[in-house]
Amino acid sequence: MKKLPRSFYSRSAPHVAKDLLGKILVRRIGHTTLSGKIVEVEAYLGKKDPASHAYRGKTRRNEVMFGEGGHLYVYFTYGMHFCANVVTGKKDVGEAVLIRAIEPLDGIELMKRKRGFTDVRHLQGARHLNKLTNGPAKLCEAFGIKQQENGTDLRGDELFVIEGESPKSPIGTSTRIGITRGKEKKWRFFLKGNEWVSR
DNA sequence: TAGTTGATCGTCT
DNA sequence: GACGATCAACTAA
């Protein structure tokens, strides 16, 4: 399957967000490949969206958001977590899509190790497996995405997105999670009924 | 099961 | 100096 073209990312954030559902995020670490299906996303617009990091204009922290679409914006928050965003739109627009949840496909054992799933309790039963990547900070930990990956081109060879099957389950829409400003906008999209969607 | 809280620090005011 | 696009552990019922 092939990598998504630059033109896929150069559209507005809500469009890209919806279309990212069902696509496959691929991460290569050494000789190991991790991959997973994107099942939950949120769109963050630029200067017009008070919930967006880009709301107050470009700073050193958010400068990647103002770059060309198709790059990864990684930020550090709550003193201990990373979150991954796909930058969308043209240069200087400042839009991005937060990847909130993923359904693991390849490299599950390595993801478990990265998440610290060593306890026997975690190994038995698929019941606990969904805790692996059902949240923005969790999937970053599972995929080894850190500050270092900020600005990565998603059409490179270590971190990229490829076509998947077009999603069979219907797409749900809701308000975004964990924000206090601009919370009325329905810019969260997810695959209805998918086990890996957060909450 | 719902609700509360501690952890922990870069960024902006 | 306050707070945040979070998570996990804890409490109460």
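Chain letters run A, B, ... following the sequence lines, proteins first, then strands; residues in each count from 1.
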For this session: Identify whether any heavy atom of A:Ile179 sits under 4.0 Å from a base atom; if not, whether one sits that close to sugar-phosphate; answer base, sugar-phosphate or nothing.
Result: sugar-phosphate

Exercise. Distance between the C1' atoms of B:dT5 and C:dC3, in whole angstroms?
Worked result: 16 Å

Exercise. Just checking A:Arg60: base, sugar-phosphate only, or nothing, at a heavy-atom cut-off of under 4.0 Å?
Worked result: nothing

Seminar exercise, completed: Nearest heavy-atom contact between A:Trp196 and A:Asn130 is CZ3-CA, 2.9 Å

Exercise. When you match A:Met80 and A:Gln147 each to their closest nucleotide on DNA chain B, which lands nearer the 5' end?
Worked result: A:Met80

Exercise. Is a donor-acceptor pair below 3.5 Å formed from side chain A:Tyr78 to base B:dA7, judging by atom type as modelled?
Worked result: no

Problem set entry | B:dG10 pyrimidine/purine six-ring stacking with A:Phe76, under 5.5 Å and 30° | no

For this session: Would you indicate what A:Arg61 reaches in the nucleic acid, counting non-hydrogen atoms under 4.0 angstrom: base, sugar-phosphate, or nothing?
Result: sugar-phosphate

For this session: Kindly say if A:Arg100 contacts the phosphate of C:dT6, meaning a side-chain N or O under 4.0 Å from OP1 or OP2.
Result: yes

Exercise. Side-chain N or O of A:Lys138 less than 4.0 angstrom from OP1 or OP2 on C:dA8?
Worked result: yes

Exercise. Under 4.0 angstrom, heavy atoms only, what part of the nucleic acid is A:Arg115 near: base, sugar-phosphate, or nothing?
Worked result: sugar-phosphate

Exercise. Do any side-chain nitrogens or oxygens of A:Ser52 fall under 4.0 Å of OP1 or OP2 in C:dA5?
Worked result: no

For this session: Could you tell me whether A:Lys146 sits above the aromatic face of A:Phe82, with NZ or CZ closer than 6.0 angstrom to the six-membered ring centre and within 45 degrees of the axis?
Result: no

Problem set entry | Any donor-acceptor pair under 3.5 Å from A:Asn194 side chain to A:Leu191 backbone | no

Seminar exercise, completed: With A:Phe8 as partner, the option from A:His15, A:Lys23, A:Lys3 fulfilling side chain to side chain contact (heavy atoms under 4.5 Å, CB included) is A:Lys23

For this session: For A:Ala51, answer base if it contacts any base atom (sugar-phosphate contacts may also be present), sugar-phosphate if it contacts only those atoms, and nothing otherwise; contact means non-hydrogen atoms under 4.0 Å.
Result: base

